[in-house]
Protein chains: 2
Amino acid sequence: MAGPALGAELRALMTERLHRAGQRVTANRETLVAVLAAAGRPLTIPEIIEAAGTLAQSSAYRNLQALEQAGLVHRIVTNDDFARYELAEDLTEHHHHLICRSCGTVEDVPAAPGLERSVRAAADAIARDTGFHTQHHRVDLLGLCRRCA
Amino acid sequence: MAGPALGAELRALMTERLHRAGQRVTANRETLVAVLAAAGRPLTIPEIIEAAGTLAQSSAYRNLQALEQAGLVHRIVTNDDFARYELAEDLTEHHHHLICRSCGTVEDVPAAPGLERSVRAAADAIARDTGFHTQHHRVDLLGLCRRCA
DNA sequence: CTTTCTGCAAACGATTTGCAGCAGC
DNA sequence: GCTGCTGCAAATCGTTTGCAGAAAG
């Protein structure tokens, strides 16, 4: 099956961003966004394809690429075999990742305000010192998830 | 040529860790470590092979894998085409990465103490809340390097 | 109706692996 | 001298791409 239906709010956003990027709204794309929205954590391509029900691999790859260009989803690469995708951060809430070194699973955790403040301060200092202009950041905690510990 | 020679200290560490991992010390491996030590930033495999002078691709991949198992180097994956390697953190000093979204280059920056403290505090809170046991962390700043800005 | 999307199967390319000969220890 | 490393070339496998028919707008 095609996973849970899309909320009206999310669908509207999706339509707008796809059109702005010159892309069409199709059933496959709605399914992909719905699957990612329901997961609440980054999914590998095989996980996505399975959750989507019927979906050609090439369509999964192509549509996830299209959705990324439209700013709806975000690709993340770990040391795992497959890339993972999650909803774009402005559709969820800013979060960081817990990556299990044993099973490879990636979980989301909300970003702690104190940590965010420290990251911004560090980025400002770096801009002064090196000229690097920070647009975004990523904090990953690597270790063992509860199940693998 | 084979890049700069290895410091005595680093060579001793390298010998010890390779032997402990049941691996031999070879000219190729010394070259690889020397190249990474000289670079001071994560290098892609093509960069490594070029800097090493003469080195079969397969040997590069195999030896970097061996060195990683021995705890001497560390592999990092970006959205770039190639994986990158750098010296293990306990051979350098704990640092974070500046990743340029335009040219893909990765630079090292020393970790700011305040930021480190915040990350540890966040990890502790997460352990309490979710049972995830943090062993290591990664902070990447994404943006534009001075040259691409 | 035109342009883009879909699924299939073939192509791609970074990384891995089999093998025969050489080097570490 | 035994075992593990080296380089070469071939295999692997996640991902990308060409193409003909179907669907979005």
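Every value quoted in this text rests on a predicted model; they were computed, and no experiment measured them. Quick note on labels: first sequence line is chain A, next is B, and so on, each numbered from 1.
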Step by step, work out the side chain to side chain donor-acceptor pair (under 3.5 Å) result for B/H96 and B/E116. CA-CA 10 Å; B/H96 298 152; B/E116 288 302 298; 2.9 Å; yes

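Between the P atom of D/dG14 and the CG atom of A/L43 lies a distance of 17 Å, rounded to the nearest Å. In this structure, B/E30 atom CD and C/dA23 atom P are separated by 15 Å, rounded to whole Å. In this structure, the CD atom of B/Q69 is 14 Å from the C1' atom of D/dC5, given to the nearest Å. Between A/N79 atom CG and D/dG14 atom P there is a gap of 16 Å when expressed in whole angstrom units. Following rounding to the nearest Å, B/R29 (CZ) and D/dG7 (C1') show an atom-to-atom distance of 14 Å.
At a threshold of 4.5 Å between non-hydrogen side-chain atoms, the residues A/L72 and A/L87 do not count as touching. By the 4.5 Å heavy-atom criterion applied to side chains, B/S102 and B/C145 are not counted as neighbours.
A/E30 has a carboxylate O that lies under 4.0 Å from a charged side-chain N of A/R11, or vice versa, which qualifies the two as a salt bridge. Taking 4.0 Å as the cut-off between side-chain N and carboxylate O, A/E47 and A/R41 count as a salt-bridged pair.
DNA chain C is contacted by A/Q23, A/R24, A/T26 of residues 15-27 of chain A, taking any non-hydrogen atom closer than 4.0 Å.
Crowding of A/E9 atom CD: a count of heavy atoms from other residues, nucleotides or ligands under 6.0 Å not exceeding 12. The number of heavy atoms from other shown groups lying within 6.0 Å of CZ (B/R117) does not exceed 12.
Here the two rings, on A/H137 and B/H97, have centers that are 6.0 Å apart or farther.
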Between protein and nucleotides 7-15 of chain C, map the contacts as a letter string: B base, S sugar-phosphate only, - none, heavy atoms under 4.0 Å, written 5' to 3'. BBB----SB

